[in-house]
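Working notes for the structure below.
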Amino acid sequence: MQTTGDHPTPGAAPFHHGSESRQRHLIEQLTHAILFETLLILALIVFALYQQYWLSKPDNVITSVAAAAPADNVKNSYVPAAGEPNGETIFDAKCSSCHYASSETSTGPGLAGAAERVPSRAWLHKWVQNPAGLINSGDAYAVKIYEKHKPTLMPPQNLTEAEIDAVFAYVDAVNQ
């Protein structure tokens with residue numbers, strides 16, 4: 001009777017002959033696992049370094065949110081007049097995804113002082129309600145704004161003139 005290692009097996013080859021190929025196979029598997037883990041660790045390091053670089057830029061969204069957020073006591077100073085739309089609620093629902101209530105730029109320009117920068121209040125109403133229409137009409141100021149922020153174009157907002165005025169009253173209040 002022949003034995004393989006410590007276990008007798010009738011007619012079997014000695015244990016050490018078959019184990020060499022198993023050992024090579026296990027070493028290959030271990031090498032592949034180590035290589036994969038090393039690449040994964042390197043990818044995580046690169047991601048962490050990129051994130052650290054991106055967060056250190058002064059014009060990125062995350063640091064701008066903190067810089068643009070008004071203090072709670074200032075934000076609470078906005079109170080809409082009786083019977084008027086609530087500009088804060090409208091801003092939060094319709095504007096805040098692309099604009100800050102400060103002068104900081106996000107996807108779109110900061111809204112602080114915007115009512116004073118534009119040609120007129122009527123122009124501002126037209127712009128908010130239909131930016132593409134104002135650009136396509138050849139309006140010089142609308143084209144200038146689009147050129148500065150393209151390819152991003154604000155979608156038309158289904159807001160009344162009173163609601164638009166309320167948003168800018170809110171923006172003015174939080175920037176006083």
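Throughout, numbering of the chain's residues begins at 1 and tracks the sequence. Note that the structure is predicted; figures quoted are calculated from it, not measured.
With hydrogens and angles ignored, the 3.5 Å screen pairs no side-chain donor or acceptor of E147 with any backbone N or O of K144. In this structure, the side chain of S106 does not engage the main chain of G108 through any donor-acceptor pair within 3.5 Å. Judged purely by atom type and a 3.5 angstrom limit, Q129 has no side-chain atom pairing as donor or acceptor with the backbone of W127. Of the possible donor and acceptor atoms, none in the side chain of N175 sits under 3.5 Å from a partner among the backbone N and O of G113.
Counting heavy atoms from C-beta on, the side chains of D165 and H125 come closer than 4.5 Å. Side-chain contact check for L111 versus F168: some heavy-atom pair is nearer than 4.5 Å. The side-chain heavy atoms of P109 and H99, taken from C-beta on, include a pair separated by under 4.5 Å.
Between F91 and Y170, the two ring planes are tilted [angle within 30° to 60°].
Minimum interatomic distance between V171 and A101 (heavy atoms only, all atoms of both residues): CG1-O, 3.5 Å. Taking both residues in full, the closest heavy atoms of I90 and P85 are given as CD1-CB, 3.8 Å, listed atom of the first, atom of the second, then distance. Across all their heavy atoms, H149 and T107 have their closest contact at ND1-O, 4.1 Å. Nearest heavy-atom pair, A112 versus S103, reported as atom, atom and distance to 0.1 Å: CB-N, 3.6 Å. Closest of all the heavy-atom pairs between A142 and I135 is O-CG1, 3.8 Å.
Applying the salt bridge (charged side-chain N to carboxylate O under 4.0 Å, His left out) test to residues at least two apart or on different chains, none of the pairs has a partner in residues 108-120.
Distance check: L39 CG to L44 CG gives 11.0 Å after rounding to the nearest 0.5 Å. Distance check: E88 CD to C95 SG gives 12.0 Å after rounding to the nearest 0.5 Å. Atom-to-atom distance recorded for E20:CD and R22:CZ is 10.5 Å, nearest 0.5 angstrom. The distance from atom NE2 of H32 to atom CG of L35, rounded to the nearest 0.5 Å, is 8.0 Å. Annotation: the span from E161 atom CD to R121 atom CZ amounts to 10.5 Å, rounded to 0.5 Å.
Applying the side chain to side chain contact (heavy atoms under 4.5 Å, CB included) rule to K126 yields the partners L134; only residues at least two apart in sequence or on another chain are considered.
Side-chain atoms of Q29 and H25 form a donor-acceptor pair, as typed in the model, at a separation below 3.5 Å.
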